[in-house]
Student: 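Mind looking over this structure? Questions follow.
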Amino acid sequence: MTGSRVVALGHYQPAKVLTNEDVAALVDTSDEWIRTRVGIETRRIAGPEEPVDALAAEAAGKALAQAGLDPADVDLVLVATSTAIDRSPNMAARVAARLGMGSPAVMDLNVVCSGFTHALATADHAIRAGSATRALVIGADKMAEITDWSDRTTCVLVGDGAGAMVIEAADEPTVGPVLWGSVPEMGHAVRIEGTPPVFAQEGQSVYRWATTQLPPIARKVCERAEVAPQDLAAVVLHQANLRIIEPLAQRIGAVNAVIARDVVESGNTSAASIPMALSKLIQRGKVASGDPVLLFGFGGNLSYAGQVVRCP
């Protein structure tokens with residue numbers, strides 16, 4: 001059976017930088033409090049002229065350029081997002097229009113923070129089934145637009161951005177099998193609700209779940225890929241906050257891996273966080289072609305999804 005391989009990645013962040021000092025001017029907090037509690041130093045904020053699909057298209061364009069491909073070479077576009085306000089055309093169709101694609105299948109997926117790894121698995125499955133030959137998988141979110149900037153429990157966390165990955169059919173796949181699931185009875189722990197929608201969460205519940213229940217699941221992802229945790233070159237978890245990322249990575253047992261910590265400079269960008277962090281690791285030479293990397297998304301719904309991929 002034909003599988004899929006990772007061809008290239010790209011990422012995009014808005015120009016505006018919001019520091020912890022800037023956030024402290026809005027709510028009762030401080031640079032020291034934010035660094036200590038969540039590990040974030042800066043985040044990027046998109047303006048009104050940069051909707052979700054604009055962020056997504058910028059990242060997608062970079063991934064295609066890195067792959068040396070024309071937009072018309074892609075026959076499936078998946079955009080993972082939970083912050084798109086408009087419903088139709090969906091974000092994938094808008095990205096396809098912005099990039100001048102031919103006639104790809106276009107779908108949005110909303111699995112919040114684990115959206116990208118769900119979308120990657122969906123694209124991989126489509127390729128394995130013969131329904132697509134080359135896919136553009138994008139995670140893009142504009143978290144700042146759905147945040148209550150008077151609520152210090154959430155506004156200190158969020159950032160905006162997008163990351164994209166190109167995958168294509170291959171006889172020697174580099175995208176491993178997915179392990180995914182959810183805890184629906186705890187779905188209330190992360191919410192984006194209302195009109196207009198507002199982001200809220202029960203931070204302690206998410207922290208306990210992520211640091212206690214997810215490590216064995218992440219190890220099972222490695223088992224499915226037949227890669228031992230100690231053989232991983234990198235671990236790219238959803239960039240929620242450092243207080244979750246560091247203990248979770250440690251409990252997975254990836255003792256020789258580079259741990260992505262893009263949350264420090266980018267904040268929590270939801271579905272964008274994993275492809276953006278991996279793109280930066282590759283761009284900065286932290287991982288080499290062929291290196292095995294664990295991607296593991298978790299968060300809203302409480303959903304999770306992970307797979308091991310090999311770097312292009």
Side-chain angles (χ1 to χ4, degrees), residues 11 13-14 16-46 83 112-114 141-161 163 186 188-192 198-215 218 234-255 257-274 276-278 280-281 284 286 294 296-300 302 304:
H11 66 275
Q13 292 179 275
K16 181 181 178 180
V17 177
L18 197 70
T19 66
N20 288 343
E21 288 81 4
D22 294 330
V23 177
L26 302 173
V27 292
D28 181 18
T29 190
S30 67
D31 175 58
E32 180 183 6
W33 189 91
I34 298 171
R35 288 174 187 252
T36 302
R37 297 297 183 95
V38 296
I40 297 169
E41 297 177 6
T42 60
R43 69 284 289 152
R44 300 293 185 97
I45 305 297
T83 56
V112 204
C113 314
S114 60
D141 270 309
K142 195 173 177 181
M143 292 297 293
E145 194 166 62
I146 61 165
T147 295
D148 178 355
W149 287 93
S150 66
D151 177 7
R152 77 167 187 170
T153 66
T154 54
C155 75
V156 301
L157 298 171
V158 301
D160 300 336
M186 290 182 63
H188 56 81
V190 180
R191 304 179 303 282
I192 301 174
V198 177
F199 165 51
Q201 69 172 0
E202 298 168 16
Q204 285 303 311
S205 296
V206 175
Y207 174 81
R208 285 193 297 270
W209 172 70
T211 56
T212 62
Q213 303 302 309
L214 294 184
V235 172
V236 183
L237 306 173
H238 164 52
Q239 302 293 289
N241 71 61
L242 278 186
R243 290 184 64 230
I244 290 177
I245 293 167
E246 291 180 335
L248 177 51
Q250 182 180 27
R251 290 167 190 171
I252 291 170
V255 294
V258 174
I259 308 303
R261 293 179 171 85
D262 186 50
V263 68
V264 174
E265 63 182 53
S266 301
N268 181 339
T269 56
S270 194
S273 74
I274 287 177
M276 196 158 67
L278 179 57
K280 290 182 182 182
L281 288 182
R284 295 169 182 175
K286 300 297 184 182
L294 171 65
F296 193 72
F298 57 88
L302 300 176
Y304 58 84

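Model, not experiment: these values are computed from the prediction. We count residues from 1, following the sequence as given.
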Student: How long is the span from the CE atom in Met143 to the CD1 atom in Ile192, to the nearest 0.5 Å?
Tutor: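 Result: 5.0 Å between the selected atoms.
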Student: To the nearest 0.5 Å, how far apart are CZ in Arg37 and CD in Glu32?
Tutor: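 Here the rounded value is 10.5 Å.
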Student: Please check this pair: side chain of Asn268 against backbone of Val158, looking for a donor-acceptor N/O pair closer than 3.5 Å.
Tutor: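 Answer holds: no.
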Student: Could you label the plane-to-plane angle of the Phe298 and Trp209 rings as parallel, tilted or perpendicular, counting under 30° as parallel and over 60° as perpendicular?
Tutor: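 Answer is perpendicular, since the angle exceeds 60°.
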Student: Check whether Thr29 reaches the backbone of Ala24 with its side chain - one donor and one acceptor, N or O, closer than 3.5 Å.
Tutor: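 Answer holds: no.
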Student: Which heavy-atom pair separates Ile40 from Val156 by the least distance, and what is that distance?
Tutor: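 What the structure gives for the nearest pair is CD1-O, 3.7 Å.
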Student: Check step by step if side chain to side chain contact (heavy atoms under 4.5 Å, CB included) holds for Tyr304 and Gln213.
Tutor: CA-CA 11 Å; Tyr304 58 84; Gln213 303 302 309; over 6 Å; no
Student: On a heavy-atom basis, which atom in Ala272 and which in Gly161 lie closest, and how many Å separate them?
Tutor: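 Closest pair (atom of Ala272, atom of Gly161, distance): CB-O, 3.3 Å.
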Student: Decide yes or no for Val112 and Ser270: does some side-chain heavy atom of the first lie under 4.5 Å from some side-chain heavy atom of the second?
Tutor: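 Contact flag for Val112/Ser270 side chains = yes.
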Student: Does some side-chain heavy atom of Ile34 sit less than 4.5 Å from a side-chain heavy atom of Val38?
Tutor: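 Yes, close enough: below the 4.5 Å cut-off.
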Student: Show the numbers, then the answer: is there a side chain to side chain contact (heavy atoms under 4.5 Å, CB included) between Arg35 and Glu41?
Tutor: CA-CA 6 Å; Arg35 288 174 187 252; Glu41 297 177 6; 3.1 Å; yes
Student: If you compare all heavy atoms of Val17 against all heavy atoms of Asp22, which two are closest, and at what distance to 0.1 Å?
Tutor: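 Minimum heavy-atom contact is O-OD2, 3.9 Å.
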Student: Specify the closest pair of heavy atoms between Val235 and Ala257, including all atoms of both residues, with the distance to one decimal.
Tutor: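 For Val235 versus Ala257, the nearest heavy atoms are CG2-CB, 3.9 Å.
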Student: Nearest 0.5 Å, what's the OG1-CG distance between Thr19 and Asp31?
Tutor: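 Answer rounded to 0.5 Å: 7.5 Å.
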Student: Going through the distances and angles, do Gln13 and Lys280 end up as a side chain to side chain contact (heavy atoms under 4.5 Å, CB included)?
Tutor: CA-CA 12 Å; Gln13 292 179 275; Lys280 290 182 182 182; 2.7 Å; yes
Student: Side-chain contact test, heavy atoms from C-beta onward, threshold under 4.5 Å: evaluate it for Ile274 versus Phe296 and give yes or no.
Tutor: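 Ile274 vs Phe296: side chains apart.
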Student: Counting distance only, does the side-chain N/O of Arg191 pair as donor-acceptor with the main-chain N or O of His188 below 3.5 Å?
Tutor: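 Pair found, side chain donor or acceptor close to backbone of His188.
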Student: Evaluate side chain to side chain donor-acceptor pair (under 3.5 Å) for Asp141 paired with Thr83, printing each intermediate quantity in order.
Tutor: CA-CA 6 Å; Asp141 270 309; Thr83 56; 2.7 Å; yes
Student: I'd like to check Lys142 versus Asp160 (side-chain heavy atoms, cut-off strictly below 4.5 Å). Are they in contact?
Tutor: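 Yes, close enough: below the 4.5 Å cut-off.
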Student: What are the two closest heavy atoms between Ile45 and Pro14, and how far apart are they?
Tutor: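 Reported closest heavy-atom pair: O-CB, 3.5 Å.
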Student: Closer than 3.5 angstrom, by distance alone: can the side chain of Arg251 be matched with the main-chain N or O of Thr211 as a donor-acceptor pair?
Tutor: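 Yes, because the side chain of Arg251 sits within donor-acceptor range (under 3.5 Å) of the backbone of Thr211.
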Student: Rounded to the nearest 0.5 Å, how far does CG of Asp151 lie from CD of Gln201?
Tutor: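 If I round to the nearest 0.5 Å, the distance is 9.5 Å.
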Student: List the atom pairs, with distances to 0.1 Å, where a side-chain N or O of residues 238-249 and a protein N or O form a donor-acceptor pair under 3.5 Å, not counting sequence neighbours.
Tutor:
| from | atom 1 | to | atom 2 | distance (Å) |
| --- | --- | --- | --- | --- |
| His238 | ND1 | Ser273 | OG | 2.9 |
| Gln239 | OE1 | Asp262 | N | 2.8 |
| Gln239 | OE1 | Val263 | N | 3.0 |
| Gln239 | NE2 | Leu237 | O | 2.7 |
| Gln239 | NE2 | Ala260 | O | 3.3 |
| Asn241 | OD1 | Arg243 | N | 2.8 |
| Asn241 | OD1 | Ile244 | N | 3.2 |
| Glu246 | OE2 | Arg261 | NE | 3.1 |

Student: Quick check: closest heavy atoms across Val27 and Cys155, and the distance to 0.1 Å?
Tutor: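 Shortest heavy-atom contact: CG2-SG, 3.8 Å.
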Student: Keeping Asp148 on the side-chain end and Val198 on the backbone end, is there a donor-acceptor pair under 3.5 Å?
Tutor: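 Flag not set: sc Asp148 to bb Val198 has no pair under 3.5 Å.
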Student: Mind checking the CG-OG1 spacing from Asn20 to Thr42? Nearest 0.5 Å is all I need.
Tutor: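 Between atom CG of Asn20 and atom OG1 of Thr42 there are 8.0 Å.
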Student: Does Gln250 CD have over 12 foreign heavy atoms under 6.0 Å away?
Tutor: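 It does not: Gln250 CD has 12 such atoms or fewer within range.
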